[in-house]
K.L.:
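Dumping the structure here so I can ask a few things about it.
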2 protein chains.
Amino acid sequence: MEQLINYIEEFVKLDDDAKAALHELTEMEHFSKNKYILEPGQRCNKIWFLKRGMVRKFYLNDGQEETVWIHTENQTFTSLESYAQNTPSKEYLQACEDSELICITKGNSEKLAEFPKIVAFVNAMMGREFANIDKHTKALNQRDAKGKYEYLREIAPELLKRAKLGHIASIIGVSRETVSRIRKA
Amino acid sequence: MEQLINYIEEFVKLDDDAKAALHELTEMEHFSKNKYILEPGQRCNKIWFLKRGMVRKFYLNDGQEETVWIHTENQTFTSLESYAQNTPSKEYLQACEDSELICITKGNSEKLAEFPKIVAFVNAMMGREFANIDKHTKALNQRDAKGKYEYLREIAPELLKRAKLGHIASIIGVSRETVSRIRKA
DNA sequence: ATAATTTTGTGATCTACATCAAAAGAAAAC
DNA sequence: GTTTTCTTTTGATGTAGATCACAAAATTAT
């Protein structure tokens with residue numbers, strides 16, 4: 001919990017009321033390795049903060065797993081499409097290590113909206129998310145295999161260290177063999 | 001203006017007060033062909049609705065223009081990163097045909113926030129935007145050249161008809177020659 | 001209309017990366 | 001600690017699409 005507050009306070013300073021509300025309106029969850037946090041068909045009505053562990057977001061395309069992203073400690077994640085539109089998810093969220101999460105439901109998130117500081121945080125975080133998606137899409141869309149791998153190293157070195165090579169290959173859209181060769185070089 | 005109201009009313013029904021506020025707080029803009037609506041370095045503090053014409057979003061990478069997207073009638077657009085984070089834009093927004101726009105500044109957008117219906121609209125639209133970005137990224141990241149072109153045909157047939165071949169090639173990240181060959185086949 | 005410029009089309013090559021195959025290494029199960 | 005299974009490495013081969021070079025067509029300017 002302290003971690004989540006620290007994370008929020010990178011954006012805005014919280015007063016005690018807001019902190020208390022956070023304590024009250026969030027929950028801890030634990031998922032052991034390989035367990036699913038969300039599966040296709042479920043409506044995603046939570047946002048999670050990853051306290052410890054690693055979580056992979058992927059979907060099936062023609063039976064093949066396509067890894068979208070892998071989150072590491074101190075990041076927030078959700079199945080955005082499902083959450084934002086209240087539709088059944090097409091994605092899996094899976095713990096790829098034993099993971100501890102702090103979650104907040106959509107309903108509780110609305111209750112938190114009465115704290116201006118928390119609203120300011122959400123806006124700032126969304127702004128940052130937008131910017132990241134933007135940057136990210138541009139980077140992965142145009143570079144060659146090496147360039148994409150280097151981009152991952154820049155923005156998510158932890159992911160590169162801990163995730164399986166095959167999952168990394170899938171994120172940047174190249175074959176496992178190519179990632180292996182990039183690493184050797 | 002009627003067009004913008006119709007567009008909003010696809011999401012939520014507006015009462016007369018909200019419509020009046022929209023009239024008051026939005027402005028018409030006109031840009032002739034090839035004129036810039038936004039240039040790098042400027043802070044983007046507006047969201048536009050494209051009433052007539054076509055607008056291209058692109059940036060320079062190593063001196064090369066990389067086209068991000070081309071908007072056609074009845075779409076809203078902005079330079080998201082700059083708007084959301086209040087930072088200087090890295091992108092150009094350029095009219096690729098004579099274009100009529102309806103714009104709303106960030107300040108006026110905040111004033112409109114007192115109309116719950118308009119807030120509901122913004123949320124619904126944002127939700128849709130998120131979902132689209134998601135879909136879009138997945139589609140363009142994984143398919144081959146033909147598949148990407150077909151995806152564009154699905155979601156933006158108007159763009160495909162009216163935009164320059166070179167710009168289309170840039171959006172999907174393939175060479176102009178390849179797009180020409182896809183079209184011939 | 002005519003010339004200049006820009007955009008698109010077509011063939012010939014080249015290359016980055018996929019795919020196939022099989023071995024080596026690590027992790028999980030027993 | 002051995003076996004089984006999963007993951008990564010390494011080499012050989014194939015291919016989609018890039019790049020180059022120029023021709024045809026379409027726009028734009030004069």
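Just so we're on the same page: letters track the sequence lines, and every chain starts at 1.
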K.L.:
Separation of B:Asp98 atom CG from D:dT28 atom P, in whole Å?
P.N.:
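The distance from CG of B:Asp98 to P of D:dT28 comes to 11 Å, rounded to the nearest Å.
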
K.L.:
Please list, in 5' to 3' order, the outermost nucleotides of DNA chain C lying under 4.0 Å from any heavy atom of chain A.
P.N.:
C:dC17 to C:dA28

K.L.:
Rounded to the nearest 0.5 Å, how far does CZ of A:Phe49 lie from CD of A:Glu29?
P.N.:
14.0 Å

K.L.:
Identify, between A:Thr178 and A:Lys33, the residue whose nearest nucleotide on DNA chain C lies closer to the 5' end.
P.N.:
A:Thr178

K.L.:
Counting heavy atoms from C-beta on, name the nucleotide in D:dT10, D:dG17, D:dT8 closest to the side chain of A:Arg181.
P.N.:
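Minimum distance to the A:Arg181 side chain belongs to D:dT10.
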
K.L.:
Is there a path of hydrophobic side-chain contacts, each under 4.5 Å between heavy atoms, that joins B:Leu112 and B:Leu4?
P.N.:
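Yes; B:Leu4 is reachable from B:Leu112 via cluster members.
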
K.L.:
Can you tell which of B:Glu91, B:Glu81, B:Glu66 makes a salt bridge (charged side-chain N to carboxylate O under 4.0 Å, His left out) with A:Lys138?
P.N.:
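When salt bridge (charged side-chain N to carboxylate O under 4.0 Å, His left out) is applied between A:Lys138 and each of B:Glu91, B:Glu81, B:Glu66, only B:Glu91 qualifies.
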
K.L.:
Write down the distance between CD (B:Glu177) and C1' (D:dC20), rounded to a whole number of angstrom.
P.N.:
9 Å

K.L.:
Residues from residues 150-165 of chain A sitting under 4.0 Å of DNA chain D, heavy atoms only?
P.N.:
A:Lys164, A:Leu165

K.L.:
In the single-linkage hydrophobic clustering (I, L, V, M, F, W, Y; side-chain heavy atoms under 4.5 Å), do B:Ile133 and B:Leu93 co-cluster?
P.N.:
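No, no single cluster joins them.
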
K.L.:
So, does B:Asn61 use its side chain to make a donor-acceptor pair with the main chain of B:Gln64 at under 3.5 Å?
P.N.:
no

K.L.:
Between the main-chain N or O of A:Thr78 and the side-chain N or O of A:Lys57, is there a donor-acceptor pair closer than 3.5 Å?
P.N.:
yes

K.L.:
Taking CZ from A:Arg183 and P from D:dT9, how many angstroms apart are they, rounded to a whole number?
P.N.:
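Computing the A:Arg183:CZ to D:dT9:P distance gives 7 Å.
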
K.L.:
About how many Å separate NZ of B:Lys51 and OG of B:Ser99, when rounded to the nearest 0.5 Å?
P.N.:
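Reported to 0.5 Å precision, the distance equals 12.5 Å.
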
K.L.:
Roughly how many Å is it from CZ in B:Arg176 to C1' in D:dC22, rounded to a whole number?
P.N.:
13 Å

K.L.:
Give a yes or no on whether B:Ile70 and B:Leu101 share a hydrophobic cluster (residues Ile, Leu, Val, Met, Phe, Trp, Tyr; joining criterion: side-chain heavy atoms under 4.5 Å apart).
P.N.:
no

K.L.:
In whole Å, what is the span from the CD atom of A:Glu65 to the C1' atom of D:dT7?
P.N.:
14 Å

K.L.:
Between B:Trp48 and B:His71 (judged by ring centroids, cut-off 6.0 Å), do the two rings come close enough to count as a pair?
P.N.:
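No.
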
K.L.:
Regarding A:Gly173, tell me which of base, sugar-phosphate or nothing describes its non-hydrogen contacts under 4.0 Å with the strands shown.
P.N.:
sugar-phosphate

